[in-house]
Amino acid sequence: MKMRYFSLLAASLFVAGSACAQDARPEDENAVNSKKNAARSMLDDSPVTFPETGALPTKFPPDVEVTRQLMKGEHGYSITVSPARSLKQIDAIQAEMPEGKFTPPPTDWKNLSRTKRILSEGGELHILGLGDSIVNDIFRSAWLEKLAEAYPKATIRGNVYVRGGGGCRHYWVEDRVPKFLVPLKPDLVFIGGISQHQDYAAIRSVISQIREGLPETEILLASGAFGGVDPRRPDALAKAQHSGSSDYGAELKKIAAEMDCAYLDMTTPWAEYIRSSELHPYLFYRDRIHANAYGEQILSKILVSFFDANR
């Protein structure tokens with residue numbers, strides 16, 4: 001029965017009426033996010049054949065038009081309004097996606113007290129995602145819509161400031177934080193993705209620059225998910241430079257504690273979900289690196305559970 005469902009799911013990714021490929025921009029252009037570095041174990045037994053360039057067609061192209069602002073003189077950078085999906089579409093994707101389970105990550109409300117107050121008591125909460133195309137995927141999942149559904153008193157809006165392969169080493173230079181991020185005046189900045197390259201000085205600098213320009217803004221540091229590492233292999237995840245179970249995750253958590261930021265290990269619950277589905281990881285990918293609509297909703301579920309004040 002599992003194998004039959006496995007085959008049906010693979011076939012469902014190639015729907016005839018879906019000529020529009022899911023938006024993969026901005027694309028990552030670094031050594032981590034490379035077809036050459038995709039885990040051999042995933043490719044060897046994959047039921048999915050990805051195109052050499054671009055992404056597989058999607059059954060669920062985003063149904064909300066978004067505005068993307070390309071940064072003048074900043075090739076590869078963009079600021080996008082989020083979310084990109086309606087609740088109706090999100091619910092349709094979640095109803096159809098493969099079932100899986102994960103342990104909800106602990107919420108660090110100590111360093112998100114202002115965010116918690118706005119969510120619970122009401123007000124406007126502006127959340128900004130900073131990073132690479134994985135962060136772009138996270139926000140395209142429209143998890144902010146699900147968060148707003150859980151907290152109806154709050155008015156939640158979002159932006160995504162991303163660059164392909166864009167870890168903090170790209171944002172701490174050229175005055176990008178004061179020039180482009182600070183004017184957006186977010187209440188909460190989410191820093192994540194798989195492109196940090198253990199640039200801890202850059203991460204600390206970006207945090208300091210945000211605090212200098214926006215002293216009340218809260219910051220959430222998150223480990224990575226997706227990319228080329230096989231989530232079925234804990235040993236591989238423990239060595240991955242973006243993983244919450246690697247030295248990087250431990251150091252990111254340490255930085256969060258030292259600089260009064262919240263921390264979220266996205267790697268562990270993401271891997272748990274995929275393993276518990278008993279399906280091949282690539283059934284949650286649109287190419288060899290990035291999430292498809294099902295994979296995006298795994299990330300959405302993790303974030304919404306992280307912000308659950310009832311736990």
For residues 251-259, dump all side-chain donor-acceptor pairs below 3.5 Å to protein atoms at least two apart in sequence or in another chain.
unit_1: Glu258; atom_1: OE1; unit_2: Arg204; atom_2: NH1; d: 3.0
unit_1: Glu258; atom_1: OE1; unit_2: Arg204; atom_2: NH2; d: 2.8

Do you see a donor-acceptor pair shorter than 3.5 Å between the side chains of Gln241 and Gln198?
no
Can you measure from OG (Ser243) to CG (Leu237) and round to the nearest 0.5 angstrom?
4.5 Å
Consider only side-chain N and O atoms of Gln94 and Tyr294, and report whether a donor and an acceptor are under 3.5 Å apart.
no
Using a strict 4.0 Å threshold on nitrogen-to-oxygen distance, state whether Lys153 and Glu121 make a salt bridge.
no
Not counting sequence neighbours, which residues clear ring pair (Phe, Tyr, Trp, His ring centres under 6.0 Å) with Tyr248? List them please.
none
Do NZ/NE/NH1/NH2 and the carboxylate oxygens of Lys146 and Glu149 come within less than 4.0 Å?
yes
Side-chain ion pair, Glu145 and Arg85, N-O less than 4.0 Å
no
Can you find a side-chain donor-acceptor pair between Thr267 and Ser245 that sits under 3.5 Å?
no
Quick check on the 6.0 Å ring-centre criterion: do Trp270 and Phe226 meet it?
yes
Are a donor atom and an acceptor atom from the side chains of Asn136 and Ser133 found within less than 3.5 Å of each other?
no
Distance (rounded to the nearest 0.5 Å) between Leu264 CG and Ile302 CD1:
7.5 Å
Less than 6.0 Å separating the ring centroids of Phe180 and Tyr171?
no
